[in-house]
Amino acid sequence: MNALARGGGMLVVILVVVGGTAGIGAAVGLGRTMILAGLTALFCFIAANGGPLRPDLRLLAAFAPAVIIGAAGPRLLGQVSVVAAVALLVLVVFVSALLPALGQRFVTVGLGLGMASVFGYGFQLTGSASTAQIIGAPALAVAVVFVLRLLMGLGDPGKPTRAALADALAGPDSDSAERVTRLWLADRPRRWQARVLGAGLRAHGTAAVLGDRLRALDPEPAEAVTAVLAAAKEELARIAEAVREKNAPAELAPVTRVEPAVELPGETRRLIDELWAAIEAVHAAVAVRDESTVDFPRHLVEEAVRHEAAGALSWRSAQLRHAVRCALGMLVAVIVASLRPGDPLTVSFLMTTYAIMQPEWRDTLSKAWQRCAGAVAGAVVLALVLWLLPHSALLPIGLVALLAGFPFMQTKPMVFNGCIVLMSVGVNATTRHLDAVSVLLEYLLLVLLAVVIGLLFGFAAVPGVPKPSVAQRFADATAAMGELLATVASRLRGEPPAQRELGLRFRAAARTHQDLLSPEAGSRNPDDAQREALDEAADGLRGLASSAGAMLRGGSAELAAFAEGAARALADGSVPPALPDPADDEQRLVADLILADVLRVQHARPVLAPSA
């Protein structure tokens, strides 16, 4: 029921965005390109939704020219030169596949840009339109989404940031921790949120390390530490509810510590003290919200994106090789589609090919299976419809199937894909007066061809590129990050390395942590525990790279020693360094984030490098 409820909400959004934009397009004279306008609006809405209002609008404004060029450019060029049109489309697909290397926020941006471009080009093969209509369709889509996003967020612009911050406090996983950091940095950063973010991530990182120690403790100490962890979790969940509120709470009960009454070995007692100190720091920040802004994170974001891009633009980057494979796969699909101009199923063929090719080959295989199974199931249902009902029933059944399938688009993609078969075949056979059986057979053949192309280029390994194991990729990533932190520490101590060396360290760190999640095609498939640990380690390493850039802009000798300690902890798995006493809140936040990210990497180490 929950999945269906979420799907019902998605259906309403889709109807408003697609139907509203298409209706406006029809009213202003876009003709058949109103369909392009409606679906482009949906792709833009996916890319520019889910975060705070200001960053979402900024992203949409920066994203808009690329969408208009991607959706309209190939079609306009196609009127002059087919080769130029294909080249532009392939370039846009390449860029869209490379964008996720910049961070999780750009996954939907790349998806939206790629889908809009592929749909726009496929649409141009099936009909004609004026230049004004071709440009006006994506421009209208961007304008509608901008207005809609503005109206949705005016009441409480910062709500997504607070919700993400509360989610990370109440029960973080790698996604929630990465999401809150991204949203907070992209929004107008509030000082109280900075303190909650740093101390909260540090608390959960410390709790994770304590949880790992339970296996080595005797029963009595293990029971005592378990009670502490349970109490800490309850306190963080209680404080998280106060974080969700738009205004500061009138009264927030103090933190109630639970202390173990038994002797604890090694560093366990110190870790428990650090855990409670971090929770009390979170409580203090939430109880009295300091709404002043923190200035430095804007530079941090710029540095992080720049270094991520530099790391991706290397032939050693798995993300770059994936982008090349996507571009080549789309080139083949477009050549095949151009052999049948005017075919109404061209759009479905191109979109299926694009959707199947994923950075990880297991995801590519999963997408291919979902498309094939959904197409076969939809064909069986359609065959029954053709046998039992008259031809005139195809159109209404296709439209009903489309509406019924949207709630399952994310939760049960095979069901959604089956519904798309009913819609595509039913609508095209009725409106174009075609034989439904012939259209269905052609649809199945095109899906099969799209799967073949997607699998071929999704699995294609680049000659001469090694396929390191999970443990080796983790070792390379932690080593590169340790070298980067050590180099930054030298710079802070007044022993500056060459600027070129520092840039190489940043690029190596970015590339190796990207490769954790995007291995070379044909690499051994990680198990579920490894996938979760990979997500956590990659997010921790990405955060360390961002913090390294922040230290270069406002670090100190105290942070230099702390950075060296963090580098040692990454290199040998030793205990992370104690927090220094920095000069201001900005440096304190950097130290908090570094410690939290080191703890996240340490937590993933036993799974990714069990022999270390």
Side-chain angles (χ1 to χ4, degrees), residues 13-14 16-18 20-22 24-25 28 30 33 36-76 88 91-120 132 134-161 164 179 181-190 293 295 297-306 308-309:
V13 170
I14 289 172
V16 171
V17 175
V18 178
T21 307
I24 296 173
V28 298
L30 289 183
T33 60
L36 175 61
L39 289 178
T40 302
L42 177 61
F43 303 145
C44 290
F45 187 80
I46 292 172
N49 191 52
L53 179 61
R54 287 160 51 90
D56 277 357
L57 293 181
R58 286 199 303 267
L59 179 64
L60 183 59
F63 179 50
V67 171
I68 296 174
I69 293 173
R75 179 161 185 165
L76 292 175
L88 179 58
L91 176 62
V92 173
V93 169
F94 171 80
V95 172
S96 71
L98 197 61
L99 282 176
L102 302 181
Q104 188 66 27
R105 183 67 179 94
F106 291 89
V107 171
T108 54
V109 174
L111 179 65
L113 175 61
M115 293 178 74
S117 302
V118 172
F119 182 86
I134 295 171
I135 298 176
L140 174 64
V142 171
V144 169
V145 172
F146 192 93
V147 173
L148 183 60
R149 184 65 189 92
L150 182 65
L151 295 175
M152 291 173 59
L154 278 178
D156 190 357
K159 182 178 179 180
T161 302
R179 173 176 165 77
T181 305
R182 170 175 55 79
L183 293 185
W184 177 78
L185 291 174
D187 200 3
R188 179 179 293 171
R190 306 293 182 180
T293 58
D295 293 331
R298 290 186 179 84
H299 301 296
L300 191 153
V301 174
E302 294 170 1
E303 291 288 332
V305 171
R306 185 169 66 85
E308 293 283 353

Minimum heavy-atom distance A62-P65, with the two atoms named: O-CD, 3.4 Å
Contact summary for A141 and A37, nearest pair of heavy atoms: CB-O, 3.3 Å
Flag side-chain contact, heavy atom, 4.5 Å: V144 against V17: no
Atom pair CD1/CG of I68 and L140 - distance to nearest 0.5 Å: 10.5 Å
Partner residues of L57 under the side-chain contact (heavy atoms from CB on, under 4.5 Å) criterion, sequence neighbours left out: L53, F146, R149, L150
V92 side chain near I69 side chain, heavy-atom distance below 4.5 Å: no
Closest contact, heavy atoms only, V145 versus A41: CG2-O, 3.2 Å
Test side-chain contact (heavy atoms from CB on, under 4.5 Å) applied to C44 and L148, V67, T21, the passing residue: V67
Closest non-hydrogen atom pair, G136 against L30: C-CD2, 4.1 Å
Where V142 and L60 come nearest, the two heavy atoms and their spacing: O-CD2, 4.1 Å
Heavy-atom pair with the smallest gap, counting every atom of S96 and G110: CB-O, 3.2 Å
